[in-house]
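Below is one structure, written out as structure tokens, with a few remarks after it.
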Amino acid sequence: MAIEKSGVYHKKILLVSSGQPSLNPRLVKEADALTSVGYEVIVLYTYWNNWGTLHDKQLFAGKKWKAIRLCGDPEQKQITWFLSRLIHKASKYILQRTGIYTYFADIAISRGSYFLIRGAKKHKADLYIAHNLGALPAVVKAAEFYKKPCGFDAEDFHRQEVSDDVGSYNFKISSFIEDRYFPFVNYITASSPLIAGNYALLYKRSVTCILNVFPKTASLSIIQNENKPLKLFWFSQTIGPNRGLEIIVEAMSLTTAAVELHLLGQTADGYQQHLLQLAQTAGVANNSIFFYDPVMADQLFKIAAQFDIGMASETGFCLNNNIALSNKLFTYIQSGLAVAASNTPAQSAFMKQYPQIGKTYSNAKELSIVLTRYDQNRELLFQTKNEAFKIGQNQLNWENESRKFLNVVERALIPLPNNEN
């Protein structure tokens, strides 16, 4: 690898996130890649939820990098937790009331931002990397303080991650943070070609696409479903609205095929009953929809491999949702599932590039046709699952994609002329 020639081993890299590592597989993969080639890695992060905390403990036990949680939690460090919430809410309130972003945006962007800014400056590193906007001010300020390079990993197109309303609070604060700090980062990476393209166009600079792929899963076996009901699988941190689940249920009602829907994640309040009621109204039996609690990211592949079709059901409710390629899509591929993908611009382009892994759909009727076809042609289903798995093992995997990431890091660590290191 090129990195072996540059003499950058044993340098320290600080990754910063305003969320939890177990909820951010991309951060974990990058930390693992860095330690695998000899970098010392520290991850600064903040509390998000209780099940993420439980999974964090299990995750950290097998890692070579060090994780440090800042700004408290509701169970143990309650005073710091309360203070972080107070600072965040007060700054957000003032910002929304005054519209003056200059003084308060850095700490209003996330609950942990104030403490991340303070915490990052306590760690002298050779490179600082932010994994979301809540971490970006901390990374740029620490890098400036120590006169070191920094980078930003854009897993989403943040200013239009929640909605496309340019007058919304999320758009205003996200675009302000991006506009303020992007000029100072040495590189930007993005999780899909269209996110990379949008940021490149917006800031007139190079953005490297590093896909959300996963390590190879060669030990998995592809299950051939010859005559049992088709098993659809979908997962996310949260099972809730705006995820395309209603369209899946409607499609199930339109096909004569026997279909089961398996959903994994934390269910939003009242949503399970809502979805089951919707299914009942549509004539879909409630005993054909199954709910599972969240699991650790590395357990997903064995679980997913039990099913037939992975549902990449993005609704395109905002620009980011239209141009993103999610963890789901690559989890399905690595698990050997046929993919049924909604026709967002990003997913449509991806499925055209890899047509052997599944089908796209634009509405419930088209999805029902896809399901019927796979039900009636089980050999096609098995062939598609095998093709998806093959693509995952040979092309779309972290073993390949991590090389791009490590090359980006290596370039960022090359001292610029007159730069004190």
Side-chain angles (χ1 to χ4, degrees), residues 14-36 41-78 80-81 84-85 110-112 115-116 119 129-132 134-135 153 155-156 191 212-217 219-220 233-240 243 262-269 271-272 290-307 310 326-332 334-335 337 397-398 402:
L14 191 74
L15 305 182
V16 186
S17 172
S18 58
Q20 293 180 240
S22 62
L23 306 181
N24 189 342
R26 190 174 174 90
L27 180 149
V28 173
K29 288 181 292 186
E30 292 190 2
D32 287 346
L34 292 167
T35 56
S36 73
V41 175
I42 296 176
V43 175
L44 299 186
Y45 72 100
T46 66
Y47 171 90
W48 190 256
N49 60 34
N50 288 331
W51 65 264
T53 299
L54 177 63
H55 292 173
D56 278 343
K57 291 178 181 178
Q58 299 173 47
L59 174 70
F60 298 157
K63 297 304 180 184
K64 296 179 181 178
W65 39 270
K66 181 179 180 181
I68 302 172
R69 188 160 82 180
L70 302 178
C71 69
D73 62 81
E75 300 295 328
Q76 296 179 350
K77 297 183 178 180
Q78 296 178 343
T80 309
W81 161 261
S84 70
R85 296 184 71 201
S110 78
R111 179 187 65 84
F115 288 89
L116 289 174
I129 304 175
H131 267 266
N132 35 49
D153 183 54
E155 192 164 2
D156 295 285
S191 64
N212 262 331
V213 292
F214 293 93
K216 296 178 183 179
T217 52
S219 62
L220 290 182
F233 181 59
W234 180 96
F235 74 93
S236 186
Q237 289 183 26
T238 302
I239 302 172
R243 308 301 177 91
H262 298 257
L263 307 173
L264 187 150
Q266 192 168 40
T267 307
D269 290 344
Y271 187 77
Q272 180 171 337
F290 302 83
F291 294 83
Y292 305 88
D293 291 331
V295 299
M296 289 188 64
D298 61 359
Q299 297 174 341
L300 266 174
F301 305 100
K302 285 186 178 180
I303 293 172
Q306 303 172 54
F307 305 106
S326 70
N327 285 332
K328 295 182 194 65
L329 180 61
F330 297 106
T331 299
Y332 302 148
Q334 204 59 244
S335 302
L337 301 188
N397 55 67
W398 185 240
S402 63

I'd like to check [X] versus [Y] (side-chain heavy atoms, cut-off strictly below 4.5 Å). Are they in contact?
X	Y	value
V43	I68	no
T46	R111	yes
L70	Y47	no
V41	K66	no
L264	W234	no
S191	R26	yes
I303	V295	yes
S335	L300	no

Nearest heavy-atom neighbours spanning [X] and [Y]:
X	Y	value
A33	S402	CB-CB, 4.2 Å
G134	L116	O-CD1, 3.8 Å
S18	S110	CB-OG, 3.5 Å
L59	P21	CD2-CB, 3.9 Å

Side chains of H131 and E30, donor plus acceptor under 3.5 Å:
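Looking only at side-chain atoms, E30 and H131 do form a donor-acceptor pair, the distance falling under 3.5 Å.
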Ignoring hydrogens and angles, state whether a donor on the side chain of R243 or S236 is under 3.5 Å from an acceptor on the partner side chain.
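Result is yes, a qualifying pair exists.
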If you round to the nearest 0.5 Å, how far is [atom2] of [Y] from [atom1] of [X]?
X	Y	atom1	atom2	result
N212	E155	CG	CD	4.5 Å
K328	L337	NZ	CG	14.0 Å
M296	L54	CE	CG	8.5 Å
N132	S17	CG	OG	4.0 Å
Q76	R69	CD	CZ	7.0 Å
L23	D56	CG	CG	6.5 Å

Treating T217 as the side-chain partner and Q334 as the backbone partner, does any N or O pair qualify as donor plus acceptor under 3.5 Å?
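Checked: pair present.
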Under 3.5 Å, side chain of S22 to main-chain N/O of G52, donor-acceptor pair present?
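Yes, the answer is positive, given that a donor and an acceptor are paired below the 3.5 Å cut-off.
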Is the count of non-hydrogen atoms from other residues, nucleotides or ligands lying under 6.0 Å from K77 atom NZ greater than 12?
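12 or below, so no.
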For a side chain to side chain contact (heavy atoms under 4.5 Å, CB included) check, start with the C-alpha distance between W48 and T53, then their side-chain angles and the critical distance, and finish with the verdict.
CA-CA 8 Å; W48 190 256; T53 299; over 6 Å; no
Mutual orientation of the aromatic rings belonging to F307 and F233 [parallel < 30°, tilted 30-60°, perpendicular > 60°]:
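The arrangement is parallel - the two ring planes meet at less than 30°.
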Looking only at the aromatic ring of each residue, does the gap between the centers of H262 and F290 stay below 6.0 angstrom?
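Close enough - the centres of the two rings lie under 6.0 Å apart.
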Set out, in order, the CA-CA distance, both residues' side-chain angles and the distance that settles side chain to side chain contact (heavy atoms under 4.5 Å, CB included) for N49 and Q266, then state yes or no.
CA-CA 11 Å; N49 60 34; Q266 192 168 40; 4.1 Å; yes
Test side chain to side chain contact (heavy atoms under 4.5 Å, CB included) on L34 and L15 and set out the steps.
CA-CA 10 Å; L34 292 167; L15 305 182; 4.2 Å; yes
Partner of F214 by ring pair (Phe, Tyr, Trp, His ring centres under 6.0 Å), out of F330, F301, W398
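Result: among F330, F301, W398, F301 is the only option passing the ring pair (Phe, Tyr, Trp, His ring centres under 6.0 Å) with F214.
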Kindly indicate, with the supporting measurements, whether the criterion side chain to side chain contact (heavy atoms under 4.5 Å, CB included) is fulfilled by L263 and F235.
CA-CA 6 Å; L263 307 173; F235 74 93; over 6 Å; no
Can you sort out the partners of F60 under ring pair (Phe, Tyr, Trp, His ring centres under 6.0 Å), two or more places apart, ordered by chain and number?
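Scan of F60 (ring pair (Phe, Tyr, Trp, His ring centres under 6.0 Å), adjacent residues dropped) gives Y45, W65.
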